[in-house]
Number of protein chains: 2
Amino acid sequence: MVSRGQARPTLRTVAERAGVSVSTASLVFSGKGPVATATAERVKEAAAELGFAGPNPLASSLRQGRAGAVGVLVDGRLQMAFRDPFAIAVLDGLAEELESIPTGMLLIGQPSGSPESTVPRLAGLALDAVVFSLCGPGDHPAVEHLAARGIPMFSTGVPADRRITQVRVDERGAAAEIARYLHRLGHRRVATVAMPMLPSSVAGPVPEGEVSHRSASVPSVGRLLGFRDVFPDGAALQTGDGSSVEGGIAAGRALLDVPVAERPTAIVAQSDVIAAGVVIAAEELGLTVPADLSVTGFDGVDLPWLPHRLTTMDQQGREKGRILGTLVRRTLAGGRPRSITQPVTLREGTTTAPPRG
Amino acid sequence: MVSRGQARPTLRTVAERAGVSVSTASLVFSGKGPVATATAERVKEAAAELGFAGPNPLASSLRQGRAGAVGVLVDGRLQMAFRDPFAIAVLDGLAEELESIPTGMLLIGQPSGSPESTVPRLAGLALDAVVFSLCGPGDHPAVEHLAARGIPMFSTGVPADRRITQVRVDERGAAAEIARYLHRLGHRRVATVAMPMLPSSVAGPVPEGEVSHRSASVPSVGRLLGFRDVFPDGAALQTGDGSSVEGGIAAGRALLDVPVAERPTAIVAQSDVIAAGVVIAAEELGLTVPADLSVTGFDGVDLPWLPHRLTTMDQQGREKGRILGTLVRRTLAGGRPRSITQPVTLREGTTTAPPRG
DNA sequence: GCGTCTGCTCGAATCGATTCGACCGAACCG
DNA sequence: CGGTTCGGTCGAATCGATTCGAGCAGACGC
């Protein structure tokens, strides 16, 4: 360990000690130019003696114009974002793909402040690209800033902006597909539990004003539209906090704790986690899933603590993250990849059945 | 948006356009020196016209010697680490505290490779400090590298190394406390489900060889020792994958699917998530918690999907993360904070009761 | 009216690397 | 044996800012 106050060795120190020029020493560490084996040996020796742990990444980055980091923007508190297993799966796939290039993942949240507080923070960070994988609906103030800096942006649908390369799914089509599946089973009284339509949305019935066809690429909106393509009159509740079990439980109680005649025979949740909450609420009320109530999710994540396999639209989060990572990699390599749409598949589980009677 | 190939504006460009020197322009953006209002105005105008989004963070960092990023090391796949709500709580608290300084959190995982692959990755990253909050037991190869670079390190107990500033809890004492609590309730046949003792541990009975008193600061080891202080003969199983519901379920089945006479009346789990798994396994086998089986956890996290409140040792993950963040901040400010021990408190829930009969 | 102080601005050095072109000696070719 | 090539090394420019000390003009005090 080097004592405090003592200057850390630099490439120059090492070069001097090895009796070579700085440029040669640099060549040794980067492995780029042709260097005689003996020379390389001497430099490495000098480095070891001085406790030189490699070229300063900052200086290297500055010269090369690569920051060595990809930003991952998270709306709100980290805790919230990381409760969503789908978001984590995406992140996991992204990390996996980014592993093959010398790049870290920089988490950028905004625990307490307003979204605007993100921009000044962002301004101080050296980033090669930014991924919006864990953001909610709505525009993001960071988009303008990043565009000005010329930093490529990626997302899984939100924010919806032309300057962002997207890995989308056909939200509306997928939602309609799972709704049709319930319809085929015979369900007619079907309700849905949505994620918030807007960042400002509060838990409760979805106000019509919040559903804009222009924002159909926002998952919550697109999925609601798809649901209504099949069940135009179904009740629609939204959670106040994105995809959470608590939100699902609350919405489930609200929808199910009513006279039997009014009670839906099936509930379409916009995420698996919400669906799990609905199942829990149903069982609390003494209902049996799927005999008394069918429940569908969306995402296709693992919920090891749920004693059911959800019927859901599998959108393969990890794969989505990997694709995102590939796009990032290609971009950093000088490419100009285009947005793509990823397929989703209906996966039948044990939470759906024909309605009773 | 600036077109490709066109040079992005720099401080120099802006200064020229505003008719001032680079140094003055710098002063305007950093807000440090005394600058005439009119001059500042001109510079800002020039910046706006050129679409200059602020000084290049890389150059700024290089000059100032701050990287603007704190690394967070994650063992294994991100997915694994982020399944553990306690780890997330710590991370959340850390992020909250780091919010007040211009610093990002850089996630560093090692999805597929061996632990050694972390070092080369690390070598390319500019970091002001590193936090080991999501690491498993055992030493970490990154410690040597980071020490050589003089980067301050922090952790919540593992790896246990003198060069790392720690926020510890008295693992052994806390585990003994909760065990004594069960003992007071009248339990005598008590088993425990531990997290892995070593990175290489596999699911199943804990081999005595893996329990070294020297590593009592490793949570899994310390907690096992505490358990044995009270129940020296209790069966001890460990999971193969850290703190996971699946691990808890598997261990729960193994411990409970036996003749009644051999079945423990209480199970001490080393984490809430594992405890939840044990509860699930018990209920699968037709047992009622807490009448037929008492279960205790460790951590004190929210599990909204579990229809019980676990009896647990609350170690306030978020607070722990905040403390960690404070230590990091103080260190970056030039301080030399020392390791501290955080108190934990027993929190009674609905999963414990006196044994039947 | 002269010296001093204050407020603002600037030039130049610096952070620690990378990289391009120049250079040099040795080997190789005809 | 002269000319060319090539492997290896080096010096200097560069990346884009920050910062320190110097300089300069105007205000102020006496």
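Reminder, nothing fancy here: chain letters follow the sequence lines and each chain counts from 1.
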Quiz item: Which sits closer to the 5' end of DNA chain C, A/Ser26 or B/Ala36, going by the nucleotide each is nearest to?
Solution: B/Ala36
Exercise. Identify which one of A/Val70, A/Val167, A/Thr331 satisfies the side-chain contact (heavy atoms from CB on, under 4.5 Å) criterion when paired with A/Phe154.
Key: A/Thr331
Quiz item: Testing B/Ser217, B/Ser155, B/Ser339 for side-chain hydrogen bond (donor to acceptor under 3.5 Å, both in side chains) with B/Gln166, which one passes?
Solution: B/Ser155
Quiz item: Is it true that A/Lys44 and A/Glu49 make a salt bridge, defined as a side-chain N closer than 4.0 Å to a carboxylate O?
Solution: no
Quiz item: Roughly how many Å is it from CZ in B/Arg8 to P in D/dT14, rounded to a whole number?
Solution: 21 Å
Practice problem: Measure the distance from CZ on A/Arg42 to P on D/dT9 and round it to the nearest whole Å. | Solution: 8 Å
Self-check item: Interatomic distance where CG belongs to A/Leu62 and P belongs to C/dT19 [whole Å]
Solution: 12 Å
Self-check item: Out of C/dT19, C/dA17, C/dT9, whichever nucleotide has its closest atom nearest the side chain of A/Gln64
Solution: C/dT19
Quiz item: Side chain of B/Ser23, base of C/dG11: donor and acceptor closer than 3.5 Å?
Solution: yes
Quiz item: Of the nucleotides C/dA13, C/dG11, C/dA17, which has the atom closest to the B/Arg63 side chain?
Solution: C/dA13
Quiz item: What nucleotide, of C/dT18, D/dG16, C/dC8, holds the atom closest to the side chain of A/Val22?
Solution: C/dT18
Quiz prompt | For the student: nearest non-hydrogen atoms of A/Phe86 and A/Gly317, plus distance | solution = CE1-CA, 3.4 Å
Quiz item: Phosphate oxygens OP1/OP2 of C/dC10: is one of them under 4.0 Å from a side-chain N or O of B/Ser21?
Solution: yes
Exercise. Using whole Å, report how far CZ of A/Arg66 lies from C1' of C/dT18.
Key: 12 Å
Practice problem: Determine the contact category for A/Thr10: base if any of its heavy atoms lies under 4.0 Å from a base atom, sugar-phosphate if only primed atoms, P, OP1 or OP2 are that close, otherwise nothing. | Solution: sugar-phosphate
Practice problem: Take the protein atom CG of A/Leu11 and the nucleotide atom P of C/dC15, then report the distance between them rounded to whole Å. | Solution: 14 Å
Self-check item: Sugar-phosphate only, base, or nothing, as touched by A/Pro55 at under 4.0 Å among non-hydrogen atoms
Solution: sugar-phosphate
Exercise. Could you tell me whether A/Arg318 and A/Glu96 make a salt bridge, using a distance below 4.0 angstrom between a side-chain N and a carboxylate O?
Key: yes
Quiz prompt | Protein-nucleotide distance (A/Asn56, atom CG; C/dT18, atom C1'), rounded to Å | solution = 13 Å
Exercise. Could you check whether A/Thr39 gets within reach of a base, just the sugar-phosphate, or nothing at all, counting any heavy atom under 4.0 Å?
Key: sugar-phosphate
Practice problem: Considering just the side-chain nitrogens and oxygens of B/Lys32, establish if one lies under 4.0 Å of OP1 or OP2 belonging to D/dT19. | Solution: yes
Exercise. From the options D/dC10, D/dT19, C/dA17, select the nucleotide whose nearest atom is closest to the side chain of A/Val20.
Key: D/dC10
Quiz prompt | Spacing of B/Leu27 atom CG relative to C/dA12 atom P, expressed in whole Å | solution = 17 Å
Quiz item: To the nearest angstrom, how far is B/Arg12 atom CZ from C/dG11 atom P?
Solution: 13 Å
